[in-house]
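Order of the sequence lines fixes the chain letters, A, B, ..., with proteins taken first and strands second; residue numbering starts at 1 for each chain.
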Amino acid sequence: MALLEVRELSVTYRPRDGVPVRAVDRVSFDVAEGEFVGLLGESGCGKSTLGNAVLRLLDKPAAITGGTVVFDGTDITTAREETLRSMRWARISTVFQSSMNSLNPVITVGAQFEDTFQAHGIDPGHRAAELLAMVSLDPVVLRRFPHELSGGMKQRVALALALALSPRFVLLDEPTTGLDVVVQRSILDRLRELQVELGFAVLFISHDLGTVMEMADRVMVMYAGEIVEDQPARAMTAAQLHPYSRGLLGSYADPRAAQISVTYVPGRPPDLSREQRGCRFAARCPMVVDACLSEHPELLPAGQGLARCLMVDSPAIPGGFAVPGRARVDTAEGPPVLAVRDVVKDYRGGTRAVDKVSFDLHSGRVTALVGQSGSGKTTLAKLVTGIERPTEGSVRFGATDVGALRGRKLRAYRRHVQLVFQDPFAALNPTSTVAYALSRPLRNHLGLSAAEAGERAADLLEVVGLAPAAQYLDKLPHQLSGGQRQRVVIARALAPEPAILVADEPISMLDVSIRAEILELLDRLARDRGIAMLYITHDLLSARMLADEVLVLSEGRVVEGGPTLRVIRHAEHAYTKLLLDALPKPV
Amino acid sequence: MRYFLRRAGFFAATLWAAVTLNFLIPRLQPGDPAEAIVSRLSGETRIVDPAQVEAIRKMLGVPGGNLLAQYGDYLSAVLAGDFGVSYTYFPYTVTHMIAEGLPWTVVLVGVTQVVSFVAGTLLGAWAAYRRNSRVDSLITLGSTFVGTLPFFWLALVLIYVFGFTLNWFPAQGGYGGGSSPGWTWAFFSDAVQHSVLPALSLLIVGPVGWIIGMRNNMVQTLGEDYARLARARGLTRRRIALTYGARIAVLPNVTGFAIALGGILGGTVLVESVFNYPGLGRMMLEAVSNRDYPLMQALFLFITIGVLAANFLADVLYGVLDPRVRGEEAA
Amino acid sequence: MTEAAQVAAGRPARLPGWFVILWRNRKCRIGLVMLLVFVALAVLAPWITPYGPREDDYPPSIGPVAEHWLGTTARGEDVLSQLIHGARTSLLVGLAAGVLSTVIALAVGLTAGYLRGLVDEVLSFFTNVALVVPVLPLMVTLAAYAPVKGLWLIIFVISVTGWAYGARIKRSQIITLRTRDYITAAKFAGDSTARIIVREIMPNMTSLIVVGFMGACLGAIGGEAGLAFLGLGDPQTTSWGTMLNQANNGGAMLTGQWAWLVAPGLAFAALMTALTLINFGVDALSNPHLRED
Amino acid sequence: TGTEGSSGTTATAPGMVDFLDYGDFGGGTAPQANYNPYLDATRLGATDYMYEKLMVFDNYSCTPRPWLATGFEWTDPRTLVLKLRSGVKWTDGQTLTAEDVAFSYQLIKKHEALDTQGLWNFLSSVEATGESTITMKFDEPGASVFTMAINVPVVPEHTWSKIPDPVTFVNTDKPVSSGPYTVKAFNPQQLTIERNPAYWQADKIKVQEIRFHKADGGGPIDQLKLSRGEYDHNAMFVPDVKKAYVDRDPEHNHYWYPPGGTISAYLNLTRAPFDDVAFRKALTTAFDHQEIIEKAQLGYVDQASQTGLIVPAHNKWLPAGLPGNGLVKYDAAATDAALTAAGYRKDGTGRRLGKDGKPIAFTFKVPGTYTDWVAAAEIVVDGLKAQGFDVAMETPDPQTYEKDRAIGDYDALFGAYGGSCNMYRNLADPLSGDLSAPIGKKARSNYIRWHDKETDRLLEELRVATDEATQKEAIAGVTKVMMEQVPMIPLWYGAKWYQYQTDKAIGWPEEKNPYASPGDNLLIITNLRPTG
Ligand SMILES: Nc1ncnc2c1ncn2[C@@H]1O[C@H](COP(=O)(O)OP(=O)(O)OP(=O)(O)O)[C@@H](O)[C@H]1O
Ligand SMILES: Nc1ncnc2c1ncn2[C@@H]1O[C@H](COP(=O)(O)OP(=O)(O)OP(=O)(O)O)[C@@H](O)[C@H]1O
Ligand SMILES: [Mg+2]
Ligand SMILES: [Mg+2]
């Protein structure tokens with residue numbers, strides 16, 4: 001008998017003022033003692049909901065509407081609260097998606113450990129300190145309050161806390177999301193070691209493909225509330241059974257590879273508040289046949305695992321989602337559009353965020369700026385766009401010294417330099433329509449009339465692939481998907497026909513499948529329109545895909561720079577190597 | 001340190017502004033203290049005797065002349081802690097009068113505020129704990145209606161029902177006419193009896209704000225990830241409600257409470273005038289209508305200092321209670 | 001996604017979504033219905049009251065009888081007619097003072113919060129002083145100072161003493177809003193400061209503004225009643241406060257004309273309750289945690 | 001335990017009343033001990049029972065009663081000689097002498113702040129001219145200030161001469177007094193005074209103790225207490241006093257509301273059309289007195305006579321042959337006719353036009369907190385509106401109102417005057433040209449700004465008159481001015497509130513036995529005796 005047996009589990013959200021959403025639909029799977037299982041899936045497909053249901057931690061308006069969860073012989077879905085309470089943590093524990101907020105802000109870390117021991121009648125002794133040592137933290141952390149710890153430290157505390165009572169099963173729901181790549185790496189490495197050492201089973205939820213594929217023994221893929229594929233990781237890396245898995249894995253590649261080609265899955269998942277007929281992936285599937293529209297496939301054995309696809313036995317259509325690889329033309333080096341020379345930026349309190357950085361931007365070329373969190377990437381973007389003034393050095397746009405611009409002149413400069421924001425959810429005013437957002441730069445910078453601006457806005461939407469434009473103009477941001485929003489943000493940045501586009505981590509908040517799509521768009525724009533682009537990221541894969549040139553930034557200094565391929569494949573500086581080491585190495 | 005200096009600067013500046021306003025507001029009012037006193041003395045006939053006005057003006061030495069000079073005198077007097085002689089209670093000093101009224105106000109309103117706060121917070125926490133149950137509805141809806149009853153009206157009804165019809169408690173005053181104020185048990189129990197009705201009326205309307213505030217805060221904190229994780233950690237419901245819900249939810253309420261405490265002097269006008277309670281609120285109303293500048297100024301100053309001190313206390317308290325803001329002072 | 005589902009997902013919605021949330025909240029629904037009744041009474045007052053509010057041709061201080069459901073005042077006016085007309089005053093005061101103090105609070109809060117720097121220091125200083133200065137005494141003084149009393153004076157007094165808190169809240173809200181990406185984006189789009197405040201920031205503060213407005217309404221209605229009760233109101237206006245004041249002075253307790261005293265008190269509480277209940281719903285607008293009640 | 005202070009423990013002496021419960025005792029809402037008889041504004045009510053004056057006025061019939069002085073004589077129009085009663089002792093056993101009297105008068109001369117009547121504006125000297133003789137000399141014939149001259153509290157020289165500053169002296173430490181009562185106990189809620197057994201007319205004092213109670217100064221609590229019989233005597237406004245008080249115990253609960261001053265409509269005589277006699281005269285019939293009395297004053301008062309005197313109390317001063325004692329009947333039609341005749345006609349829409357052909361619009365001010373006045377003002381305004389005037393009522397606060405009235409910043413409003421036993425003051429206050437001031441300056445008491453040589457001459461005649469016939473003649477002259485020139489329009493007589501109970505004590509002044517006015521405390525206390 002498996003440690004955890006989930007059978008036909010369904011979860012429905014029934015908001016008081018909304019339509020019910022069946023977020024988890026008849027899901028069945030097992031987790032064996034000591035097994036490390038990964039759960040993959042696009043944002044919103046029901047991963048966290050499933051995890052919470054397994055722990056029976058669902059809050060209103062969600063409720064388990066069917067099925068059972070049997071853990072070690074006890075049915076969790078029907079267990080009494082007290083039985084459950086004593087089971088929790090002692091045998092089954094968790095680290096949440098947002099463990100930044102999962103510690104009580106007003107009591108010390110130590111007190112939270114004590115709470116946990118006390119609730120289970122265990123004498124804490126020195127366990128807390130030992131546990132912290134296990135995740136490489138100093139015991140003084142016990143006396144600290146959560147806000148006194150960095151994100152990575154909090155995450156480690158959460159992990160230590162999860163292991164406090166030596167549980168047999170730990171649910172990890174994106175335990176490192178939002179952390180710096182390097183930190184993330186060290187935590188995950190530690191986690192894997194501990195798992196091997198202590199032998200607990202893990203259900204690891206993430207949409208970070210590389211990581212899941214590297215860490216898990218077995219991987220399940222979820223789509224629209226259902227498990228669509230379940231295979232050993234190794235087997236899945238080699239061959240995906242479900243077209244969706246194929247699309248998903250296609251969007252990942254190792255940036256160090258000699259050749260990379262990345263695909264994406266266009267379209268959006270179905271609306272779960274509606275009755276579903278047929279295969280849920282049918283609308284986005286390149287292999288769709290008529291039967292897919294009417295017949296709902298079951299999760300059936302296939303290959304080395306299970307798959308939910310009628311066409312599972314048909315040969316995969318090669319390049320189903322593939323993005324046509326672009327020819328990497330080396331644009332001739334003309335005069336730089338923007339020249340950054342020895343800029344230094346000191347913030348009050350003595351932080352030197354940027355230290356003597358120099359580089360050029362050329363039209364039609366993409367320069368990537370990579371580096372760990374806090375390395376000064378955003379600060380550089382601010383200097384380039386005139387949001388901040390350099391303490392020393394100069395930023396020159398043709399003959400203009402950007403650092404000296406103010407008021408009207410600065411506004412005029414911004415006609416030529418535009419910014420694409422990291423978070424498409426924050427970059428659009430939730431109360432203004434797409435048409436309004438696009439019309440502002442058109443009217444302000446190009447002096448178009450309202451009618452002209454309207455027409456141009458529609459054109460812009462077509463350019464970024466939101467066609468037909470009429471369908472999007474009157475929408476509010478919340479009516480768009482993340483990818484669509486990011487396209488609107490890009491369209492807005494393109495509106496004044498800038499010479500330079502600064503994109504500050506434009507894809508970090510997006511789902512893997514959408515990332516490729518946006519990257520492709522940016523790439524096209526840079527080439528077709530001859531825009532000089534500064535692409536900021538901590539994701540080497542995207543840098544590899546998009547950039548002609550890479551600058552590696554560490555503690556405000558450029559430690560390495562050059563053509564993309566050279567920097568990534570033949571890194572020389574230790575810091576660059578550290579960044580590369582942080583990349584997952586899927587089996 | 002910078003932070004501290006900034007706060008201190010803020011308090012000093014606000015205090016100065018308040019002191020100045022307190023000087024100006026009374027003086028902007030029309031009317032003359034001497035006339036006000038005579039017209040009060042004239043009672044129903046409302047006949048003002050000019051000779052008497054003249055004499056009283058001489059008696060009070062009502063300041064005249066240059067406003068700026070008056071302001072200078074006023075500032076130096078205030079700095080010296082000299083608030084002058086009350087016009088209404090001539091020749092008693094303002095300091096004496098405030099000393100008379102202060103304990104009553106502070107005890108009555110202080111005690112009821114504390115009780116309201118504690119009761120309101122507990123009820124609010126209970127409502128949040130039993131969210132959407134019948135208890136919750138009863139507490140929120142019930143307290144809303146009761147809490148919105150006009151305070152003075154409630155006071156009148158209480159006076160009539162308990163003070164006159166049932167005759168359970170004295171209807172007015174701070175103590176009986178027969179007792180002699182002092183630190184005796186007899187006087188104390190007399191004073192307690194007299195404070196029952198005013199206290200009751202304050203207690204009926206007092207807790208509602210705390211109830212709603214606490215409930216809403218706690219509903220929020222109980223929905224936060226740390227509360228959910230606490231549940232996952234197998235903590236008991238009560239423990240979660242207390243340490244992970246109430247403990248955090250109470251913080252904004254505590255600040256609110258400190259500020260409310262500072263406002264008690266300003267907020268007692270109604271209760272004291274209806275119950276004829278010998279505190280500062282009623283004295284202030286009287287001072288305003290009698291154009292008793294010295295008393296008015298001192299009372300306003302008192303209130304302002306109270307509010308400022310409470311603000312300061314709230315800042316400090318928040319720092320003590322909420323570790324999150326403790327470190328921020330350095331920043 | 002349907003409109004309702006978007007609302008549920010906690011995304012800011014425009015006016016219709018608003019109503020959906022307000023109406024779906026049970027407490028708020030009760031409050032809205034109660035308020036509607038008061039508004040109807042107030043609007044229709046001249047047509048539905050049996051007598052004029054100041055007509056004093058009836059026997060004084062009689063208890064409830066068929067001709068006078070709530071009896072008469074010491075001067076022989078019909079209490080019921082006064083009560084219904086009083087609803088007008090209260091609602092007018094609430095609305096007008098609510099709007100006025102919200103406007104002041106917005107102007108001060110937005111300017112201070114958006115411009116920061118010296119402007120902020122100065123405005124914040126005034127806000128803090130206004131917060132610290134004793135409100136009731138100031139009200140009393142202002143009301144006593146004014147040479148002529150009238151409803152508009154009361155509204156003015158309540159507004160100028162009641163804006164500070166709202167201004168402070170709005171200032172801190174705008175400080176968090178002004179660093180949002182979409183504000184930076186608007187700057188990149190070349191929008192002017194005024195336009196950014198009006199078009200980008202204000203719409204995102206609606207729920208806060210509405211909450212503030214409701215709070216100001218409540219405060220104003222209470223303030224009017226309190227001032228009137230203290231005898232600082234406008235004696236020519238028929239409001240619940242002046243009714244209570246007159247009932248108190250006119251010996252309602254003494255002559256046993258209970259209805260005269262009880263009715264305005266309960267009517268007041270009912271209106272305040274209605275507004276408070278609506279406020280529960282308005283709170284839910286800005287705090288999704290409260291939405292599932 | 002809701003009742004206070006009624007648990008008296010004084011042993012009953014035969015023929016005596018143990019104690020009586022009285023109403024308020026002054027001193028504001030938080031009274032502080034203060035028995036300085038000269039500090040009118042802040043002293044406590046007990047002081048009236050502690051310090052006596054040379055003569056006590058019966059303010060109802062306006063007759064002086066011998067008190068510390070047994071009699072007086074005008075040796076010439078400027079010299080008043082009083083005979084001091086012998087055997088009057090201070091509470092410390094010393095004898096009250098003529099020197100004490102002279103000292104008291106000198107005291108208020110020296111400290112102007114204590115001369116609340118402004119007596120020394122008229123006096124030139126006060127001396128003890130013998131063991132029991134006091135001689136007062138006046139700058140001018142003094143008959144018109146007689147009421148003031150005898151109205152100064154007498155204090156003991158041997159203690160008061162040692163007080164460094166009598167203006168700030170509160171006299172709380174064993175006060176030495178001569179009156180019928182001494183302070184027994186005080187707290188801000190209750191003031192208790194007890195009988196002075198060594199009082200010179202102790203045989204007339206039958207009440208052992210008087211307890212004054214502080215409540216809300218005539219507010220609802222006091223009213224409830226009164227209606228429950230917790231006061232043997234109080235003096236406050238009670239709405240519907242018959243139902244609320246008398247009916248609860250018709251045998252013992254009584255009230256008597258004799259008239260006090262006169263409340264008139266003051267018209268600003270410096271502004272058109274109020275400067276036109278014909279206009280003013282026409283308005284005398286425009287107001288519904290009966291309505292004012294019944295609705296606004298709850299029937300407790302009487303209509304005022306246009307003569308400016310109080311009828312019937314002042315009937316003896318009325319000129320012979322005056323129809324209806326100068327009481328004018330409400331007659332809107334007559335006003336209408338008179339106004340039209342005087343050149344103020346109505347236009348087609350019923351608006352009354354001024355002589356310039358423009359509609360007449362003005363304001364009527366009334367203090368917002370004087371609810372009865374507001375009610376009366378509404379009736380007055382209605383009366384004016386009925387005549388086609390565009391009148392707006394304004395309700396400032398009392399202080400503003402008084403300021404506006406004093407500086408003449410008004411069109412029309414109410415004014416109160418008179419009610420004392422000094423006929424000169426009664427009439428001069430509102431009408432004397434000397435007591436007026438230009439618009440914008442504070443007038444002393446002539447707020448209507450009545451400047452009339454004839455009136456001033458008559459008032460001067462009244463001021464210096466020493467015999468009643470001359471006085472009568474002068475007063476008749478003034479009443480004639482009032483009737484013909486209508487400087488103001490008297491509407492009603494303000495009432496002096498006065499409630500009493502007869503279950504413990506009888507002998508209160510009442511309509512049938514008006515031996516004193518409600519405020520004449522010493523006269524009343526010497527007349528009270530146990531019931532039955
Ligand atoms: N409170 C709620 N009310 C209604 N629907 C909800 C609620 N919370 C989540 N959902 C819906 O449930 C579905 C699953 O959500 P869930 O959080 O499990 O997704 P996820 O796979 O964990 O996504 P992510 O990768 O973004 O964390 C989503 O479509 C979401 O819209
Ligand atoms: N306004 C500021 N005041 C003071 N220090 C700042 C400010 N902004 C940034 N810094 C500091 O400058 C350094 C560089 O920050 P920056 O935001 O440029 O990093 P980044 O590379 O963009 O990081 P991330 O990947 O987390 O976005 C950090 O140490 C940061 O703490
Ligand atoms: Mg999730
Ligand atoms: Mg950054």
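The contact between Arg195(C) and chain A is made entirely by side chain atoms (from C-beta outward), counting heavy-atom distances below 4.5 Å. Contact of Leu428(A) with chain C is made through the backbone alone, with heavy-atom distances under 4.5 Å. No part of Arg443(A) comes within reach of chain C, as not one of its non-hydrogen atoms sits under 4.5 angstrom from that chain. Heavy-atom distances place both the backbone and the side chain of Arg440(A) under 4.5 Å from chain C. In this structure, chain C has no heavy atom under 4.5 Å from any part of Tyr413(A). In this structure, no portion of Leu410(A) lies under 4.5 Å from any heavy atom of chain C.
Tyr13(A) and Thr49(A) share a side-chain donor-acceptor pair at under 3.5 Å.
At a threshold of 4.0 Å, the pair Arg280(A)-Glu275(A) does not count as salt-bridged, since none of the basic side-chain nitrogens sits closer than that to a carboxylate oxygen. The pair Arg456(A)-Glu497(A) meets the salt-bridge criterion, since a charged nitrogen lies less than 4.0 angstrom from a carboxylate oxygen.
Taking a 6.0 Å sphere around OH of Tyr165(C), one finds it holds 12 or fewer heavy atoms contributed by other residues, nucleotides or ligands. For Glu455(A), the CD atom sits in a loose shell: 12 or fewer heavy atoms of surrounding residues, nucleotides or ligands are nearer than 6.0 Å.
By the 6.0 Å and 45° rule, Arg199(C) stacks over the aromatic ring of Tyr436(A).
The greatest number of non-hydrogen atom pairs below 4.5 Å with chain A, out of Pro203(C), Ala185(C), Ala186(C), Ala189(C), is found for Ala189(C).
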